[in-house]
Amino acid sequence: MTREDIAEVLDNIALLLELKGENVFKTRAYKNGAEIVRSHEPDVVKLAKDNQLNNVAGIGKALQEKIIELTTTNKLEFYENLRTEFPPSLFELFDIQGLGPKKIKALYDKLNIDSVEALKSACQDNSISSLRGFGTKTVDKLLHAIELREKFASHFRLGDVAVMAEILLDAVHAHPSTLRCCHAGSYRRSKEILHDIDILAATTAPAELTQYFSQLEEVEEVIACGDTKASVRLANGLQVDLRAVTNDAFPFALQYFSGSKEHNVAIRQRALKNGWSLNEYNFTAKEGATPPPTIHEEADIYKALGLDYIPPELRENRGEIEAAENGSIPRLVTLENLRGTFHNHTTASDGKNSLEEMAEAAIELGLEYLGIADHSKASFQANGLYPERLLKQVDHIKSLNKQWEGSFRLLAGSEVDILKDGSLDFDDSILAQLDYVVASVHNAFTLPEKEMTKRIIRAMENPHVTMLGHLTGRLLLRREAYAVNVDKIIDCAAETGTIIELNCNPRRLDMDWRHWKNAREKGVKCAINPDAHRLEQLQFLAFGVRLARKGWLTKDDVINTKPLNDILDFLNIQ
DNA sequence: GCCGTTTTCGGCCCGACTGTTTTCAGTCG
């Protein structure tokens with residue numbers, strides 16, 4: 001049972017308790033517990049096994065017992081009993097916008113509606129209007145929400161929304177009443193998966209701005225439009241929220257709407273200790289408390305609370321507040337710090353551009369080196385190279401390098417397949433002729449966790465392997481990560497000096513940001529690699545940097561911030 | 001259900017928006 005499994009059980013308990021009409025704080029405690037289980041370091045599964053759960057804030061006696069029962073028996077009696085009270089299909093109703101626990105319970109109790117399908121019929125034959133609180137507008141909205149659910153996913157990848165997020169921010173910026181504006185929410189925090197885009201604006205005419213925003217040509221549908229807030233939907237189903245506030249409230253609103261919720265709860269608690277209540281508009285001093293200082297910028301809020309500025313990417317309540325308190329917030333890596341990158345493909349395997357074109361694009365981006373790592377022969381679906389073609393490519397790279405005379409360099413590598421037993425797709429004698437080696441898993445995804453972990457560790461123990469490619473093989477919103485013990489891989493990387501890749505293809509973003517803080521603390525280095533299959537994809541580096549920042553990584557933690565000469569030394573290349 | 005330098009009881013973030021409920025409940029973030 002993984003931490004994610006446990007978190008899901010706790011989340012489900014919270015939903016079931018809500019349906020039962022339990023105390024909201026009790027349900028909140030379960031939801032909160034689920035979040036803690038997802039993100040706590042070290043892993044609560046390990047803590048439970050070592051009987052070390054008693055010092056985790058937010059996990060009290062009752063949740064401790066439940067987590068221990070889950071880790072030892074893979075079951076939870078309390079949960080099993082609770083589940084018998086409602087049909088499992090009821091959960092899907094929580095996906096419908098506009099339906100919460102109260103309404104779902106009413107639908108179930110009064111009309112026996114237990115699924116989206118049943119809800120749809122009840123809306124269509126209008127039997128639903130007999131319920132108090134379900135007027136004609138509600139029925140229309142529910143039908144619309146059901147349609148949306150069928151048509152669109154409710155989650156989007158960062159890389160799929162970034163362009164639109166920037167276009168809409170520009171549009172808000174262009175309105176004459178806008179004084180300043182910024183993204184907020186999970187986009188600002190660089191989450192890899194988003195539910196919506198949040199934009200915050202300081203304006204002298206809030207109602208005008210929300211009107212203007214809801215009428216932009218990119219807007220497909222207006223969900224809500226009030227005097228200070230507008231919610232719209234774009235053609236691809238993505239929801240975008242705009243908040244319009246005064247210039248004085250802007251820093252507070254920016255802090256508030258950037259989240260995360262967990263971070264804000266902790267920040268508010270801290271404010272309360274000073275006798276100040278903090279909301280999206282201001283500090284309010286309670287009676288007898290020292291008056292809060294004047295706030296001009298978001299950073300002033302953190303300063304007022306005795307904290308260093310916390311970059312938005314870190315605001316997940318994963319230790320950033322403690323770090324800000326004791327002055328140990330890391331100076332996070334930036335895109336400008338990158339000097340080169342590894343793991344890119346060419347037409348030799350499944351890339352769309354030649355060596356020359358990729359090199360030119362890298363130079364254009366200001367990089368000093370570009371690593372070429374085409375697939376190895378076992379990846380026949382990707383036109384993987386046999387040794388002969390690989391060595392020919394190495395020669396080609398050597399001859400191309402002459403023209404740049406040290407100002408730029410192509411590095412000759414390979415993305416070699418880790419075979420099912422952990423051996424590599426090329427002999428050591430071939431690997432020894434390369435500048436570096438990326439080792440990746442491309443088949444046998446269904447191995448049990450122990451075997452998969454052993455397989456990857458065996459590959460890492462090969463001294464020719466420089467770095468590990470896309471550690472878990474996940475494809476966001478498409479394919480689950482394969483079963484692998486990431487903590488063990490990190491430990492092995494620390495021992496063997498193997499670099500772990502942060503694959504910045506927005507469909508992968510693998511290894512996950514949640515593991516990097518741990519990896520960094522153990523001294524494991526990161527390579528931010530675009531895994532570019534065409535020259536435009538070198539731009540993926542920007543997503544990689546965003547996620548590296550989210551993983552607390554500094555310039556020193558990222559190997560490809562090193563200038564060319566240092567990299568040549570590091571790789572032992574003449 | 002969790003938590004504690006006012007506390008082991010009594011708090012726990014709260015404002016915006018919508019619809020229908022004519023004074024507020026439910027949902028959302």
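No hydrogens, no waters, no symmetry mates; every other heavy atom, side chains included, goes into these values. Sequence lines set the chain letters: A, B, ... in the order given, protein chains first and strands last, and positions in each chain run from 1.
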Modelled atom types, side-chain donor and acceptor of A/Thr204 and A/Ser177, under 3.5 Å: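 No - no donor-acceptor pair under 3.5 Å links their side chains.
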
Short side-chain donor-acceptor distance under 3.5 Å, A/Arg315 and A/Ser260: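 No - no donor-acceptor pair under 3.5 Å links their side chains.
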
[X] side chain, from C-beta outward: closest of [options]:
{"X": "A/Ala29", "options": "B/dT27, B/dG1, B/dG29", "result": "B/dG1"}
{"X": "A/Leu63", "options": "B/dG1, B/dC17, B/dG26", "result": "B/dG1"}
{"X": "A/Lys229", "options": "B/dG26, B/dG1, B/dA16", "result": "B/dA16"}
{"X": "A/Arg28", "options": "B/dG1, B/dT20, B/dC12", "result": "B/dC12"}
{"X": "A/Lys141", "options": "B/dT27, B/dT18, B/dG15", "result": "B/dT18"}

Pairing nucleotide - B/dC28, Watson-Crick or G-U, each distance under 3.5 Å: B/dG15

Does a nitrogen or oxygen in the side chain of [X] sit under 4.0 Å from OP1 or OP2 of [N]?
{"X": "A/Ser231", "N": "B/dA16", "answer": "no"}
{"X": "A/Tyr281", "N": "B/dA16", "answer": "yes"}
{"X": "A/Ser277", "N": "B/dC13", "answer": "no"}
{"X": "A/Arg243", "N": "B/dG29", "answer": "no"}

Between the protein and nucleotides 3-11 of chain B, list the N/O to N/O atom pairs that are separated by less than 3.5 angstrom.
{"from": "B/dC3", "atom 1": "OP1", "to": "A/Gly58", "atom 2": "N", "distance (Å)": "2.4"}

In plain terms, say whether [X] and [Y] are close enough for a salt bridge, that is, a side-chain N and a carboxylate O under 4.0 Å apart.
{"X": "A/Glu316", "Y": "A/Arg189", "value": "yes"}
{"X": "A/Arg270", "Y": "A/Glu325", "value": "yes"}
{"X": "A/Arg157", "Y": "A/Glu192", "value": "no"}

Just list the side-chain donor-acceptor pairs under 3.5 Å for residues 238-250 of chain A, sequence neighbours left out, or say none.
{"from": "A/Gln239", "atom 1": "OE1", "to": "A/Gln97", "atom 2": "NE2", "distance (Å)": "3.2"}
{"from": "A/Gln239", "atom 1": "NE2", "to": "A/Asp241", "atom 2": "OD1", "distance (Å)": "3.1"}
{"from": "A/Asp241", "atom 1": "OD1", "to": "A/Ser231", "atom 2": "OG", "distance (Å)": "2.7"}
{"from": "A/Thr246", "atom 1": "OG1", "to": "A/Ala249", "atom 2": "N", "distance (Å)": "3.1"}
{"from": "A/Asn247", "atom 1": "OD1", "to": "A/Arg180", "atom 2": "NE", "distance (Å)": "2.7"}
{"from": "A/Asn247", "atom 1": "OD1", "to": "A/Arg180", "atom 2": "NH2", "distance (Å)": "3.4"}

Contact list for DNA chain B against residues 81-97 of chain A - heavy-atom distance below 4.0 Å: A/Ile96, A/Gln97

Nucleic acid contacts of residues 18-27 of chain A, taken as heavy-atom distances under 4.0 Å to DNA chain B: A/Asn23, A/Phe25, A/Lys26

Interatomic distance where CG belongs to A/Leu99 and P belongs to B/dG26 [whole Å]: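 Interatomic distance, CG of A/Leu99 to P of B/dG26: 13 Å.
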
A/Lys303 to A/Tyr309, cation-pi by 6.0 Å centre distance and 45° axis angle: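 Pair A/Lys303/A/Tyr309 does not count as cation-pi.
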
Sugar-phosphate, base or nothing in reach of A/Thr136, heavy atoms under 4.0 Å: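 Sugar-phosphate, backbone atoms only, no base.
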
Sugar-phosphate only, base, or nothing, as touched by A/Lys105 at under 4.0 Å among non-hydrogen atoms: nothing

Non-neighbouring partners of A/Arg3 that pass side chain to side chain donor-acceptor pair (under 3.5 Å), sequence neighbours left out: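 Per chain and number, A/Arg3 pairs via side chain to side chain donor-acceptor pair (under 3.5 Å) with A/Asp43.
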
Of all pairs that satisfy salt bridge (Lys or Arg N to Asp or Glu O under 4.0 Å), the ones with a partner from residues 65-78 of chain A, not counting sequence neighbours: A/Lys61-A/Glu65

